[in-house]
Amino acid sequence: MSQSLAAADTAAGQVAELVLTGDLDRPARLTVPDLLAWPRHEADVSFECATSGIQHHRFTGPLLHDVLSAAGPVFDPARRKDRLRFLIAVSGADGHRALLSWAEIDPDFGRAPVLLAVTIDDIPLDRAGPQLVLPQDRCGARHISGINAIRVDGGYTSWA
């Protein structure tokens, strides 16, 4: 969706939608109200923004791991480490993108408390869409506003 169409939809009062795709048993379309069904976590985050300096915000929302786990990533159950080959691509309505590894968010490995924020500073994000929040990052470059797509991919070929 182009930036102007996304802005028009938001201005018209429509609720933003996030599409989960890729190597999932249960791909889904989710809105911020849908994300409220998961347990909410809070994070007070400070990060450096290249254009406006240090930012301080409080975010609430479900863990990215919980939401993606519910979508059924197609890990090989016979191979515990199979999860380590999965990548997560996150896109925002403004074209901003970030890439994470499954191991980064998995409780058995990195356990990073990455949020799909549904509020910022107690302001609901229903119309703007959820935000990707990585509380552990010093720089805010991987914070994605208005997430419209998340793709889980374990099917790329080896680089060797």
Side-chain angles (χ1 to χ4, degrees), residues 1-45 47 49 51 55 57-75 83-107 109-137 139-156:
M1 180 184 297
S2 74
Q3 291 178 18
S4 60
L5 287 176
D9 284 350
T10 300
Q14 293 185 1
V15 175
E17 188 174 70
L18 156 67
V19 179
L20 299 180
T21 63
D23 296 325
L24 301 168
D25 283 332
R26 293 173 297 283
R29 292 181 172 278
L30 302 170
T31 63
V32 168
D34 294 330
L35 293 172
L36 295 173
W38 277 274
R40 270 195 259 178
H41 298 262
E42 293 183 355
D44 289 317
V45 178
F47 57 88
C49 180
T51 57
Q55 300 290 309
H57 297 288
R58 166 168 256 161
F59 294 95
T60 64
L63 293 174
L64 176 63
H65 180 267
D66 292 348
V67 174
L68 294 181
S69 292
V74 292
F75 305 139
R83 317 174 255 179
L84 300 180
R85 68 183 172 89
F86 281 72
L87 298 175
I88 304 162
V90 181
S91 300
D94 63 357
H96 192 165
R97 296 183 178 143
L99 187 64
L100 296 88
S101 71
W102 187 274
E104 194 173 351
I105 65 169
D106 192 299
F109 299 100
R111 193 184 299 179
V114 178
L115 297 180
L116 286 177
V118 296
T119 69
I120 178 172
D121 301 325
D122 297 322
I123 299 168
L125 295 170
D126 295 34
R127 291 193 175 103
Q131 290 192 18
L132 182 71
V133 177
L134 294 96
Q136 70 279 9
D137 283 8
C139 171
R142 292 197 299 173
H143 287 240
I144 306 288
S145 299
I147 298 171
N148 60 7
I150 298 177
R151 179 170 178 78
V152 176
D153 190 347
Y156 56 90

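All values derive from a computational prediction rather than experimental measurement. We use all heavy atoms of the structure for the numbers below, so side chains are in, but hydrogens, waters and symmetry mates are not.
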From the list V90, I150, L125, L18, side chain to side chain contact (heavy atoms under 4.5 Å, CB included) partner of P130 resolves to L18

* Asked: Do L35 and V67 come close enough that some side-chain heavy atom pair is under 4.5 Å?
  -> yes

**Request:** Report yes if the side chains of E104 and L134 come closer than 4.5 Å at any heavy-atom pair, otherwise no.
**Result:** yes

When rounded to the nearest 0.5 Å, the distance separating NE2 of H57 from CG of D121 is 5.5 Å

Correct closest heavy-atom pair for A43 and P135 would be CB-CG, 3.8 Å

Could you give the side-chain donor-acceptor pairs of residues 27-34 under 3.5 Å, partners two or more places apart or in another chain?
unit_1, atom_1, unit_2, atom_2, d
R29, NH1, E17, OE1, 2.8
T31, OG1, D34, N, 3.3
T31, OG1, D34, OD2, 3.2
D34, OD2, T31, N, 2.8

CG of L99 to CZ of R151, rounded to nearest 0.5 Å, is 12.0 Å

- Can you find a heavy atom in the side chain of L132 that is under 4.5 Å from one in the side chain of L100? yes

Interatomic distance, OG@S69 vs CZ@F75, rounded to 0.5 Å, equals 6.5 Å

Residue set satisfying side chain to side chain donor-acceptor pair (under 3.5 Å) with D137, at least two apart, ordered chain then number -> R142

Residues at least two apart in sequence or cross-chain that pass side chain to side chain donor-acceptor pair (under 3.5 Å) with T60, listed by chain then number, are T119

Sorted by chain and residue number, the ring pair (Phe, Tyr, Trp, His ring centres under 6.0 Å) partners of F47 (sequence neighbours excluded) come out as H143

Contacts of D44 meeting side chain to side chain donor-acceptor pair (under 3.5 Å) (sequence neighbours excluded), chain-then-number -> R58

CG (D106) and NE2 (H65) are apart, to the nearest 0.5 Å, by 4.5 Å

May I have the list of side-chain donor-acceptor pairs in residues 111-118 shorter than 3.5 Å, sequence neighbours left out?
unit_1, atom_1, unit_2, atom_2, d
R111, NE, P107, O, 3.3
R111, NH2, P107, O, 3.3

When rounded to the nearest 0.5 Å, the distance separating CZ of F86 from CG of D23 is 5.5 Å

Exercise. For side chain to side chain contact (heavy atoms under 4.5 Å, CB included), just list the numbers for D25 and V74, CA-CA rounded to whole Å, side-chain angles, deciding distance to a tenth of an Å, and then say yes or no.
Key: CA-CA 6 Å; D25 283 332; V74 292; 3.2 Å; yes

(Q) When you compare the side chain of H41 with that of F59, does any pair of heavy atoms fall below 4.5 Å? (A) no

In terms of heavy-atom contacts, A103 and L84 come closest through CB-CD2, 3.5 Å

*Please check if the side chain of R97 supplies one atom and the backbone of A89 the other of a donor-acceptor pair under 3.5 Å.*
no

Query raised in the report: Are side-chain heavy atoms of L68 and L20 found at a separation under 4.5 Å?
Result: yes

Nearest heavy-atom approach of I144 to I147 is O-CG1, 3.8 Å

